[in-house]
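Scroll down for the structure; my scribbles are underneath it.
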Amino acid sequence: MIDSTSASRAEQITVQHSQPTNPTVQMAGITVEFPGVKALDGVDFRLFPGEVHALMGENGAGKSTLIKALTGVNPIAAGTISVNGSSMRFNGPADAREHGISTVYQEVNLCTNLTVAENIMLGSEPRRFGGLDWRTMRRQAKVYLERMGLDIDPSSSLGSHSLAVQQLVAISRAMVVDAKVLILDEPTSSLDTDEVEQLFTVMRQLRDDGVAILFVSHFLDQIYAIADRITVLRNGQLVQERMKDQLPQRELVSLMIAGTSDAQVSRANERVAVTERAADAKPLLQAVGLGRKGAVQPFNLDLYPGEVIGLAGLLGSGRTELARLLYGADKADVGSIKLAGEPVKLRTPRQALGRKIAYTSEDRKGEGVIGDLTVAENIILGLQAARGWIRPLPTVKATQVVDAYIKALGVRPANPNALLKNLSGGNQQKVLLARWLATAPKLLLLDEPTRGIDIGAKTEIMNLVSELAEQGMSVVFISAELEEVLRLSDRIVVMRDHEKVAEIASTPEVDVPRLIEIIATGEEDK
Amino acid sequence: MSILSETRKSAPKLSLDRRYLPVLGTVVVFVLMLVIGGARYENFLSPAVLSNLFINNAHLIVLAAGMTFVILTGGIDLSVGAVLALSSVITATMLNAGIPLSLVLPIAILSGSIIGLGMGVMIQYFEVQPFVATLAGMFLARGLCFIFAPESVPIRNEGFVALSSWGVSSGRWRLTAAVVIALLVVAASWWVLHRTRFGRTVYAVGGGEQSATLMGLRVARTKVMVYVISGTCASLGGILFAMFSRSGYALTGVGMELDAIAAVVIGGTLLIGGMGFILGSVVGVMVLGLIQTIITFEGTLSSWWTKIVIGVLLLVFVVLQRILTLRRN
């Protein structure tokens, strides 16, 4: 690669990069609006030929929106797109593809029931006598496959191949139209190390052929292995565009997540005192070598009663996946869980619930609250589920429980019969919490409980969490905001690239920059 | 890289066969029935019986061909029986009103295309469930039949009679015009499904509509077109049925849409779409026809046994498909 050549050549390349004459794609001042939100706010973005350009950002930063704005899936409210110097607006992936901009998505969007050859060639298939020329089609497909280093039969059905091969077939398809621009949206999330390496080989080859590649991945190591240039987005705005060599990992991570905090929350003196664990304390839950392929590398973790464990890490680092393993929402491939010393098998959320483990999903809308039910109904849902459907909750008891939690958590409006969908996000979150608290859990897994809610509600929820811990509950707290994790946690587990890389006590010396460093480098000790 | 490619090399050969597995199953059943029938009854394997198998079912072959397109996309068309009746009634009444054959036939065929187009637009652009949209189409077509002619209308047009009695025979083998038309439809369907981008898009839509869209294929147009094709096939089937019965009657083809669906499913096409072959559907029709023939030959059995056997066969084939798809995942 570049670094192996002489210094003067490297310099030349840098010069060439820093004074780019004509980018293949130039997006300027792109604004995309969804009802009530500005998903992108005046973002500039450039793609140069012969370059791998990584687009980085946390959830909601606007990465996919930018890609969709480019390919014409999302309409643009303001801004211009020019391709090879001429102004362009595409009206969909197919249109963009015809103009040499091909997209390969995270989930392979090909038809598994068709043959490999068809998946590559359909849309620009060779014809003979007015019909498809299968023989030529297979032969041409073979050529594209060989460019990817794939030796598979073009007439086999796509579904008979592994995801990695399907991914490469998708890229082959992208190349058929002589793509000048290749967009790879998290292509590596389902690939193993060898397969990623094979993909990178292909990417380098395409780059050297002059293709402009836009690469999205949550894996920092992969970004640094392949990217030439990095653009960071945050909250729909451009933070920075820089050459990879001039952007150390630590700085990248802080660019991605810094500044999202609110002064009100980050005040260090608000940090909850670290609970001293008694020397003879027995862990409530022990995870031993627990892991799931493609989700979390095997990890050990002990959870003690009265302790708050914070999970820190970037989006896609495996925070949620870890929590879901503990809850039994996903099945572990390896390892075991001991609950109060007893080995248990948690295969379903119901079993976890029976063992007094509760989990609030980060996807509040999709997996948690039921908007068309009332506040009261949402609260007693968990309690009722734990009792089983045969024994309905007595009305008097239900009313008592509901009233108690509405008061304790300060749900507003304090009306048990209000439809949940009419409450604000923060109050919905409180109701969700109430639902699980009503089941009197010993272990509470909170996945992003503070996301998308206002600052007042955030503080209330966090205070509640620390009160619960004081009462002896064991809490796992996941948040994208490091200040929150620092403030609440007794211990902090750092996740990186689907691996638990560190477990540290939340001492006063540990601050946000320190956490960022661990997230960026994956190393606990300097 | 070489390690990767080598391990992947061996896999496809086996799976290639699996695509043909349901169809092979149908062919095996068909052959088995021929063998059993041939062993049990005299004259069962005679050219006359086998010719009649095609002659009696020519209209159903055409219906099944159209239905194959729809089911391959993962849809369903319940209107074909009623559209068949409508087209036969239109043909009969218009011919009897003295309108020339060269005008009547296109109009009758077009009636099915238009109903199909309407249903396709409802399904694609108004996102109505195919089941509901085609159910509406079924009631509409059936009701229209009675507006044209509530009673059975015998056809006396000379040209039409000549066409329906035209045939080629060699020895005791016989081919009627209807059979020739049906086989031409099958050949055309095969060509369209396997040799055109439209045909491959039909498969792609059945395999995954969103993927097909993202691949840049014309999904919307294709989904509308399959209902137009199915409607057209149904009205063509109506003409074939009118040739067969020399009449048009509003109550013909009641439940025939279910026969067509049964034939397609027994022929190995997956109801979820994306997998199946037109020739399988033809064999499926033949299997249905053979069941009827065997029960006729048996003599003592009530004709309701046809339904019972079809029911059992359907069940077996659907379970077989399910097992296949489950294993695929």
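In what follows, chains are A, B, ... by sequence order, proteins preceding strands, each numbered from 1.
Put simply, the residue from A:L122, A:T115, A:L114 that forms a side-chain contact (heavy atoms from CB on, under 4.5 Å) with B:Y203 is A:L114.
Heavy-atom pairs under 4.5 Å with chain B were tallied for A:R173, A:R128, A:R127, A:R97; the largest tally goes to A:R173. The candidate from B:G208, B:G274, B:G216, B:G206 with the greatest count of non-hydrogen atom pairs under 4.5 Å with chain A is B:G274. By number of non-hydrogen pairs under 4.5 angstrom with chain A, the leading residue of B:A212, B:G199, B:S211 is B:S211. With chain B as the partner, the residue from A:V116, A:L110, A:N119 showing the most heavy-atom pairs under 4.5 Å is A:L110. Of the listed residues (A:T71, A:V73, A:T103, A:N109), the one with the most heavy-atom contacts under 4.5 Å to chain B is A:N109.
Interface remark: A:D133 contributes no atoms to any contact with chain B (heavy atom separation under 4.5 Å).
In the displayed structure, B:Q210 atom CD is contacted under 6.0 Å by at most 12 heavy atoms of other residues, nucleotides or ligands. No more than 12 heavy atoms of other residues, nucleotides or ligands shown are found within 6.0 angstrom of CZ on B:F54. The number of heavy atoms from other shown groups lying within 6.0 Å of CZ (B:R221) does not exceed 12.
To the nearest 0.5 Å, atom CZ of residue B:R200 and atom CE of residue A:M137 are 7.0 Å apart.
A pairwise comparison of heavy atoms in B:W191 and A:F129 identifies CZ2-O, 4.0 Å as the closest pair.
For the pair A:L132 and B:H194, the minimum side-chain heavy-atom distance is 4.5 Å or more.
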